[in-house]
Novice: 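Right, I'll just put the structure down here and ask away after.
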There are 2 protein chains.
Amino acid sequence: MAYRRTETVVARLAETRERIVTAALKLVAREGYGGAGIPAIAAEAGLSTGALYRYFPSKAELFDEVFRRGSQREIDVCAEAAAQGGRARQRLTRVVEVFARRALKGRRLAYALLAEPVDPLIEAERLRYRLPYRDIFIGIIEDGMRAGEIAAQDALLTASAIVGALNEALIGPLAPQAKKTDQEKLINGLALFCVQALGPMPPRKL
Amino acid sequence: MAYRRTETVVARLAETRERIVTAALKLVAREGYGGAGIPAIAAEAGLSTGALYRYFPSKAELFDEVFRRGSQREIDVCAEAAAQGGRARQRLTRVVEVFARRALKGRRLAYALLAEPVDPLIEAERLRYRLPYRDIFIGIIEDGMRAGEIAAQDALLTASAIVGALNEALIGPLAPQAKKTDQEKLINGLALFCVQALGPMPPRKL
DNA sequence: CAAAGAAGTGAAACATGTTTCACTTCTTTG
DNA sequence: CAAAGAAGTGAAACATGTTTCACTTCTTTG
């Protein structure tokens with residue numbers, strides 16, 4: 001045998017793979033899906049179209065990773081906000097504020113991740129990355145019910161509705177052609193909406 | 001001149017046009033967008049692919065009408081539910097119940113109209129038909145604020161969030177592969193969510 | 001540095017639709 | 001029923017990407 005993947009090569013391969021994902025994310029964040037075709041991504045990553053296919057077997061699989069990468073940080077930050085203790089309503093408020101504030105800061109990418117029309121094939125991947133948010137809310141709601149802070153309810157339903165409410169209310173302001181809105185007002189309004197949707201504090205059991 | 005569009009012909013043309021829209025709606029409702037390509041729609045309407053293009057200059061324009069047709073009835077029913085008087089919270093509850101109940105009854109079509117991944121080109125058309133719902137909610141909220149029934153708030157924000165909450169909470173149950181859920185519980189849960197999100201009754205002004 | 005095995009190239013092939021167009025059929029009129 | 005104008009046909013052309021592949025370049029080993 002005359003060739004073996006040496007450590008250096010393996011490292012470079014990993015680095016190239018990484019560069020592809022980064023390039024895709026960059027293009028999506030800058031130009032949306034229109035500017036993020038395979039040849040453009042390959043070029044941005046500094047390699048040929050054909051070579052890209054040594055790293056990802058299809059565009060769908062590449063974008064699975066792109067979404068994971070793009071979403072993971074946001075999800076982590078939200079999860080952290082949720083984990084910081086306090087009562088259910090406080091935690092929910094924190095998460096909503098963090099989520100909305102960050103989305104409004106990285107608008108173009110947030111728009112692509114949440115709402116920009118995209119190929120059906122890829123849409124399926126994107127949809128998957130809503131679930132972690134929903135699960136964060138489910139956790140908060142269940143804790144709140146257990147602690148008697150919020151009335152008994154279907155946590156899955158409430159959590160899904162909150163996710164939908166956040167996304168839909170943000171789509172307008174996130175859209176590339178949106179005129180700028182008062183962000184703090186929007187964030188506070190959204191947090192209030194979500195907290196109120198949980199319903200009033202239930203009467204204390206004796 | 002040897003040919004003139006006679007009334008009969010005009011009527012038949014209108015009828016054919018109508019048949020195209022109906023065929024498209026039928027295919028979408030039965031098989032989703034995968035089964036609703038131009039040739040399939042033409043065949044279902046009983047004419048050739050080429051002929052269809054005498055009635056609609058492009059697929060996007062055809063689907064604009066398809067969505068209008070598919071949504072208009074629902075929008076009308078919701079608008080009617082909103083118009084039936086009562087206080088803001090009652091009206092909101094009625095609209096949410098009507099909307100959700102009807103969506104759950106015509107599941108496949110509702111799924112296609114609300115959530116099924118679709119070509120970006122067509123997605124843009126579909127998005128447009130969310131606005132009427134939002135506007136219905138805006139009307140209710142503004143009436144409620146004027147009447148002092150609900151606290152001052154950004155009606156656009158609240159209405160958007162409600163639309164998003166309804167859609168997202170329904171997507172799961174509407175998806176073709178969903179296991180069946182307790183519909184009445186879902187409907188009531190959604191209505192409660194939305195009403196509570198409006199916030200508590202404001203203190204009466206003296 | 002020759003041999004072997006991978007990785008990289010980029011033009012061409014493919015895939016998957018939508019849309020067009022040369023031709024045919026139908027409808028109307030005188 | 002001939003002439004004229006539309007409507008209808010459906011195979012072919014187009015459009016718009018993604019994906020492949022014959023070939024080249026690079027890396028490693030003995």
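Each chain gets a letter, A, B and so on, in the order its sequence line appears, and its residues count up from 1. The structure displayed is predicted, hence computed values, not measured ones.
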Novice: Which residues in residues 115-125 of chain A have a heavy atom closer than 4.0 Å to any atom of DNA chain D?
Specialist: none
Novice: Taking five pairs at each end, how big is the angle between the two axes of the helix from dC1(C)-dG30(D) to dG30(C)-dC1(D), to 10°?
Specialist: 10°
Novice: Among dT20(C), dT19(D), dT29(C), which is the nearest nucleotide to the side chain of S58(A)?
Specialist: dT19(D)
Novice: Please enumerate all residues that pass side-chain hydrogen bond (donor to acceptor under 3.5 Å, both in side chains) together with R108(A), with sequence neighbours excluded.
Specialist: E116(A)
Novice: Write out all pairs satisfying salt bridge (Lys or Arg N to Asp or Glu O under 4.0 Å) with one or both partners inside residues 96-107 of chain B, taking only residues at least two apart or from two chains.
Specialist: E74(B)-R102(B), R101(B)-E184(B)
Novice: Listed by chain and number, what are the side-chain hydrogen bond (donor to acceptor under 3.5 Å, both in side chains) partners of Q183(A), not counting sequence neighbours?
Specialist: none
Novice: Just by protein heavy atoms under 4.0 Å, how would nucleotides 6-11 of chain D read 5' to 3' in B, S and -?
Specialist: SBBBB-
Novice: If you measure from OH on Y129(B) to CD on Q72(B), what distance do you get to the nearest 0.5 Å?
Specialist: 7.5 Å
Novice: Show me the donor-acceptor pairs within less than 3.5 Å that the side chains of residues 20-37 of chain B make with the rest of the protein, sequence neighbours left out.
Specialist:
unit_1: T22(B); atom_1: OG1; unit_2: E18(B); atom_2: O; d: 2.8
unit_1: T22(B); atom_1: OG1; unit_2: E18(B); atom_2: OE2; d: 3.4
unit_1: K26(B); atom_1: NZ; unit_2: E44(B); atom_2: OE2; d: 3.0
unit_1: Y33(B); atom_1: OH; unit_2: A112(B); atom_2: O; d: 2.4

Novice: Rounded to the nearest 0.5 Å, what separation is found between the CD atom of Q196(A) and the CG atom of L92(A)?
Specialist: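 If we round to the nearest 0.5 Å, Q196(A):CD and L92(A):CG are 11.5 Å apart.
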Novice: In chain order, what residues pass the side-chain hydrogen bond (donor to acceptor under 3.5 Å, both in side chains) check against R73(A), with sequence neighbours excluded?
Specialist: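 Partners of R73(A) by the side-chain hydrogen bond (donor to acceptor under 3.5 Å, both in side chains) criterion come out as none, since no residue qualifies.
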Novice: Donor-acceptor pairs under 3.5 angstrom involving side-chain atoms of residues 151-162 of chain B: please list them, not counting sequence neighbours.
Specialist:
unit_1: Q153(B); atom_1: OE1; unit_2: T158(B); atom_2: OG1; d: 2.6
unit_1: Q153(B); atom_1: NE2; unit_2: A151(B); atom_2: O; d: 3.1
unit_1: Q153(B); atom_1: NE2; unit_2: L198(B); atom_2: O; d: 3.1
unit_1: D154(B); atom_1: OD1; unit_2: L156(B); atom_2: N; d: 3.0
unit_1: D154(B); atom_1: OD1; unit_2: L157(B); atom_2: N; d: 3.1
unit_1: T158(B); atom_1: OG1; unit_2: D154(B); atom_2: O; d: 3.3
unit_1: S160(B); atom_1: OG; unit_2: L156(B); atom_2: O; d: 2.8

Novice: Quick one: E7(B) CD to dT28(C) C1', roughly how many Å, whole number?
Specialist: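 Distance, rounded to whole Å: 14 Å.
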Novice: Between Y53(B) (OH) and dT19(C) (C1'), how many Å, whole number?
Specialist: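 For the pair Y53(B) OH and dT19(C) C1', the rounded distance is 5 Å.
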Novice: How long is the straight-line distance from OH of Y133(B) back to CG of L166(B), given to the nearest 0.5 Å?
Specialist: 10.0 Å
Novice: Any residue in residues 23-41 of chain B with a heavy atom nearer than 4.0 angstrom to DNA chain D? Just list them by number, or reply none.
Specialist: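 Listed by number, there are none.
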Novice: Filter on salt bridge (Lys or Arg N to Asp or Glu O under 4.0 Å), then keep only pairs touching residues 128-142 of chain A, sequence neighbours left out; what's left?
Specialist: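 For residues 128-142 of chain A: D64(A)-R128(A), E125(A)-R128(A), R130(A)-E168(B).
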Novice: Find the distance L62(B):CG to dT19(C):C1' and express it as a whole number of Å.
Specialist: 13 Å
Novice: To the nearest 0.5 Å, tell me how far Y111(B) OH sits from Q177(B) CD.
Specialist: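 One gets 6.0 Å once the value is rounded to the nearest 0.5 Å.
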Novice: First locate atom CZ of F67(A), then atom CG of L62(A), and finally report the distance between them rounded to the nearest 0.5 Å.
Specialist: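 Rounded to the nearest 0.5 Å, the CZ-CG separation comes to 9.5 Å.
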Novice: Would you please name every residue forming a side-chain hydrogen bond (donor to acceptor under 3.5 Å, both in side chains) with E15(B), sequence neighbours left out?
Specialist: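 Partners of E15(B) by the side-chain hydrogen bond (donor to acceptor under 3.5 Å, both in side chains) criterion, ordered by chain and then number, come out as R19(B).
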Novice: Over how many whole Å does the gap from R4(B) atom CZ to dT28(C) atom C1' extend?
Specialist: 8 Å
